Amino acid sequence: MYVKKLFIIILLTFTITSFAETKIVIKFSHVVSENSPKGKAVLYFKNLVEKKSDGRISVQIFPRGVLFDDITVVEALKNDIVQMAAPSFSKLSFYVKDFQLFDIPFLFKNIYSIHRAYSGNIGEILKRNSEGNGIKVLAFWDNGFKHITNNSKVIKLPNDMKGLKFRTMGSDILNYQFSLAGAKPYTKSFSNLKSLLEEGVIDGQENTFSNIYYQKMYEVQRYLTVSKHGYLGYAVITSMKFWNSIDKELQDIILEALEISTHYEYKLAIEDNERSFEMIKLEAKDLEIHYIDDKNRALWVKFYKRYHEKFTNVISQEILKELDNL
Ligand code: SIN
């Protein structure tokens, strides 16, 4: 009896130890709300990967920038403090300049041309260059097209932004986008954005409907211009160090779970932005919404086209020549 008990204890100890050895914990840090498309997709990925790996992979989610903002998270990732993140392309451009291709105003006509860029050579080049910087890009996710809010006046044309202070995510191209119109760009983290707008440290910002809605920016902004002038997307990343430290079998499980989560995220991002706009219109009683008509839209496009070279100078030729194939 004693021997049998001892055998069971040894067996259990061995099983628990070997389970503990193969168990991988992924800390996934992001800056938006749990309800946003990215927040929901991260949760979806967590549930899927934990199930597919039979519990060998566990994902801990840290939303709303509770651990790191999107700029510091990349260093945290490289130092293995967190293992996954999904920062915006603009923020990744501090490491790989070409990510800011997606920041060029009015470059992409619709989400389909952006998806073609993700799945074609542009996506491949971005992945390869990230690896050279110790970053493994596992997937590209959408948020959507951005619009402009501010507290000072109705923005009908680019020059209406003259003299105003706008928060940007920090890429050179986003900073040019505002400075070329005579505005002052300020790079600030997403977590501080609402309070900076409320305190009047900055006048305005650009973002998608879902980010404007979930951060309740409409509570501290007086004007919204439905400009659809630029795009906000994310790279789901890990570090090369972490990626190479796990078995091929677990890598495949992560990639498979991410592929399914990515389809879910794309659908969610479209639906959520539409719904968020409806909610903004419903809830934001003091917000004046300005729609740009076709005539003025052509003027916005013309204004930024004049500076096309200024934008493209930041991007490598290798990427630029792929644009014709989209
Ligand atoms: C995000 O959507 O992850 C943040 C966007 C921003 O920094 O404005």
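All ligand and atom numbering here is 1-based and tracks the order in the structure. The structure displayed is predicted, hence computed values, not measured ones.
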Check the orientation of Phe311 and Tyr176. Use parallel for under 30°, tilted for 30 to 60°, and perpendicular for over 60°.
tilted

Angle class for the Tyr266/His115 ring planes (parallel below 30°, perpendicular above 60°, tilted otherwise)?
parallel

With clusters defined by side-chain heavy atoms of hydrophobic residues (ILVMFWY) lying less than 4.5 Å apart, directly or transitively, does Val66 cluster with Leu43?
no

For Leu193, which part has a heavy atom under 4.0 Å from ligand 1: side chain, backbone, both, or neither?
neither

Would you call Lys165 and Phe178 a side-chain contact if the rule is heavy atoms closer than 4.5 Å?
no

Full working for side-chain hydrogen bond (donor to acceptor under 3.5 Å, both in side chains) between Tyr213 and Glu283
CA-CA 9 Å; Tyr213 179 65; Glu283 288 180 23; 2.9 Å; yes

For ligand 1, is Leu232 a contact, meaning one of its heavy atoms is under 4.0 Å away?
yes

When rounded to the nearest 0.5 Å, the distance separating CZ of Arg275 from CD of Glu278 is 10.5 Å

Decide whether the shortest distance between a heavy atom of Lys91 and an atom of ligand 1 is less than 4.0 Å.
yes

Within the structure, does Arg167 bring an N/O atom to less than 3.5 angstrom of an N/O atom in ligand 1?
yes

Part of Lys38 with heavy atoms under 4.0 Å of ligand 1, whether side chain, backbone, both or neither
side chain

About how many Å separate OG1 of Thr149 and CD of Gln205, when rounded to the nearest 0.5 Å?
3.5 Å

What atoms of ligand 1 come closer than 4.0 angstrom to any heavy atom of Asp70?
3 (O)

Take every heavy atom of His30, measure it against each atom of ligand 1, and state whether any distance is under 4.0 Å.
no

Of the side chain and backbone of Thr208, name the one, both, or neither that has a heavy atom under 4.0 Å from an atom of ligand 1.
neither

So Arg297 and Asp293, salt bridge (charged side-chain N to carboxylate O under 4.0 Å, His left out) or not? Walk me through it.
CA-CA 6 Å; Arg297 189 168 181 81; Asp293 60 20; over 6 Å; no

Of all the atoms in ligand 1, which lie at a distance below 4.0 Å from a heavy atom belonging to Phe190?
4 (C), 5 (C), 6 (C), 7 (O), 8 (O)

Polar contacts were defined as any N/O atom of the residue lying under 3.5 Å from an N/O atom of the ligand; does this apply to Glu206 and ligand 1?
no

Name the closest protein heavy atom to atom 5 (C) of ligand 1, giving the residue it belongs to and the distance to 0.1 Å.
Asn211 ND2, 3.6 Å

Starting from atom 2 (O) of ligand 1, locate the nearest protein heavy atom and write down its residue, its atom name and how far away it is, to 0.1 Å.
Tyr234 OH, 2.5 Å

Using distance alone, determine whether Ser88 and ligand 1 share an N or O pair under 3.5 Å.
no

How long is the gap from CG on Asn143 to CG on Asn207, to the nearest 0.5 Å?
7.0 Å

Atoms of ligand 1 close to Val32 [distance to a heavy atom under 4.0 angstrom, numbered from 1]
1 (C), 2 (O), 3 (O)

